[in-house]
Student: 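Attaching a single structure in structure tokens format; questions to follow.
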Amino acid sequence: MEEKLLMVKEKLAKYGQEHLLNFYNELSEDKKSELLDEILTIDFKQLEDLYETTKTKPDFTESKIEPIAHVTKAELSNEEIEKYTKIGEEIVKQGKLAVVTMAGGQGTRLGHSGPKGTYDIGLSSHKSIFELLCDNVKEAKEKYGVVIPWYIMTSNENNEDTVKFFEENNYFNYPKSAIKFFKQGTLPMIDTNGKVLMNEDNTIKQAADGHGGVFEAMRKNGIIYDMKEKGIEYIFISGVDNILAKFVDPVFIGMQADLGKMTASKSVVKAYAEEKVGVFCKRDGKPGVIEYSEISEELAKAKDEKGDFLLGDANIVNHQFHISLLEKISTEKLPYHIAFKKASYKDANGNIIEPEAPNAYKFEAFLFDIFSYVPDMLVYRVKREEEFAPVKNAEGVDSPETARNLYNNYHHLS
Ligand code: UTP
């Protein structure tokens, strides 16, 4: 232990993070050891570099942004639909499809105390979001006679509650062995001086590393290996908060396979210029998504010769990958984007600070940055009212109320 302590002290001194041992002597032997181990796993050089990036504003004007081609579902011919359905259904029936739900987010805007997937949006069935999503794989089991593996990404903060919820609900009567949970990675949060924050219990304040952490987390937790063992070829990945997400869409799978694309994403038409959605584009010739926070007003409003938005394909976080791409890119380091958040912490004097304004940097990788690793992708434009009912905010747009109405309309319920 003494040796380990010396090693840690040296590491902390090198990066000016000595405060992390301020309360070390008050800890039990076990907690001391846990803290030292946690500190040893942290890449402080990476944090130092990330801190530097907080000092400059990213300049997106440097990249060349252009529209990306899309295929519109409503414009497919009957022959095309038939052809793709056949190919897609064959892939599904052969057990070559797996589904991943990213449920590691904090869901701060919704303000629900538990994991977002456990939320009851007030349907007459009172199904939770997780149960609504589970209906997808249950229906596919009925229709195609296959048990589709469902992998759920959680975070350190919500893993226990998520697993407990599934246990308590008997996995919604879907085979328990087909549902696997895996935790995403974390990164320490730092203050405006680059100092790592501590929790009240003297552990390091760590935050989930963004939905872009899904690939690394899949590799580290043996999920990609598990999929390969099962003969999986296509992986549908979506967020937890779209209750109209179609996990199993034969036309989408068939089209991706027929066109030989490594990656495919669904989009819906951006509703209005300021809508808070990312849009698909080509960035310096590569596929990508430009976030609403990154886009200039001029580009957000720009229209093409038909009067449609130039960048009109909104990202609804419905992505499908070929496994060979996931194998290849899961070792790549995606860039981190900076979020400035409110985060409570224990200060150097042992006081617990509950800030009223943002005080800490959180670093998140974004899933769509992976698109720059492929020369080209399929963007499949579907109807918003059929496939997009997000639960983001407690009230107003993209709230349980709007999602409930969309769900009821789609299913012809009142
Ligand atoms: P959002 O960007 O909407 O974030 O995530 P959020 O954390 O759920 O909600 P807010 O911003 O705190 O209100 C989009 C999807 O990506 C998942 C979320 O669970 C959601 O399904 N996600 C996000 C992760 O799995 N991990 C993360 O670190 C971030």
Side-chain angles (χ1 to χ4, degrees), residues 50 99-119 121 128-130 132-134 136 150-159 161-163 165 180-189 205-218 220-221 223 235-245 247 265-266 275-279 289-294 314-319 334-343 358 360-370 387-400 402-403:
L50 287 172
V99 175
V100 175
T101 297
M102 300 183 294
Q106 288 180 305
T108 33
R109 285 170 287 172
L110 181 63
H112 170 52
S113 60
K116 200 187 258 190
T118 66
Y119 192 73
I121 65 155
S128 62
I129 294 181
F130 277 135
L132 293 170
L133 297 179
C134 190
N136 276 289
W150 185 19
Y151 300 88
I152 298 169
M153 181 169 84
T154 61
S155 64
N156 270 343
E157 289 137 62
N158 71 18
N159 182 67
D161 288 344
T162 305
V163 177
F165 189 75
K180 274 204 169 74
F181 302 91
F182 66 101
K183 279 200 249 175
Q184 72 175 102
T186 57
L187 274 175
M189 291 184 81
K205 188 147 206 98
Q206 304 256 9
D209 61 359
H211 42 63
V214 66
F215 306 110
E216 193 179 9
M218 282 172 72
K220 284 192 172 162
N221 290 286
I223 304 296
I235 297 115
F236 177 81
I237 304 186
S238 64
V240 71
D241 40 22
N242 175 13
I243 59 163
L244 280 182
F247 285 9
S265 294
K266 286 188 176 174
E275 193 183 9
K276 289 192 168 178
V277 286
V279 284
V289 167
I290 178 161
E291 272 295 25
Y292 61 87
S293 50
E294 300 174 353
N315 174 23
I316 57 168
V317 198
N318 272 205
H319 310 293
L334 294 182
Y336 287 107
H337 299 247
I338 305 159
F340 196 41
K341 298 251 177 182
K342 268 199 289 187
Y361 294 111
K362 182 179 172 188
F363 301 99
E364 294 181 300
F366 292 166
L367 182 149
F368 49 72
D369 283 330
I370 213 71
E387 312 214 17
F388 191 44
V391 182
K392 296 278 184 196
N393 305 305
E395 288 173 354
V397 285
D398 300 342
S399 63
T402 55

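Whatever order the structure lists them in is the order used to number ligands and atoms, beginning at 1.
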Student: Taking only residues two or more places apart in sequence or in another chain, which ones pass side chain to side chain donor-acceptor pair (under 3.5 Å) with Asn136?
Tutor: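 Result, side chain to side chain donor-acceptor pair (under 3.5 Å) vs Asn136: none returned.
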Student: Give a yes or no answer on whether the side chain of Glu364 reaches the backbone of Gly212 with a donor-acceptor pair at less than 3.5 Å.
Tutor: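 Pair absent, no side-chain N/O of Glu364 close to backbone of Gly212.
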Student: Quick check on the 6.0 Å ring-centre criterion: do His211 and Phe366 meet it?
Tutor: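 Yes, ring centres under 6.0 Å apart.
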Student: Does a side chain donor of either Gln106 or Lys341 reach within less than 3.5 Å of an acceptor in the other side chain?
Tutor: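 There is no such pair (donor and acceptor under 3.5 Å, judged by atom type) between the side chains of Gln106 and Lys341.
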Student: Any idea which residues sit under 4.0 Å from ligand 1, heavy-atom distances?
Tutor: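 The 4.0 Å shell around ligand 1 contains Met102, Ala103, Gly104, Gly105, Gln106, Gly107, Thr108, Arg109, Lys116, Met153, Gln184, Ala208, Gly210, His211, Gly239, Val240, Asp241, Lys392.
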Student: Mind checking what makes side chain to side chain donor-acceptor pair (under 3.5 Å) contact with Asn318, not counting sequence neighbours?
Tutor: none
Student: For Glu387, check side chain to side chain donor-acceptor pair (under 3.5 Å) against everything at least two apart and list the hits.
Tutor: Lys266
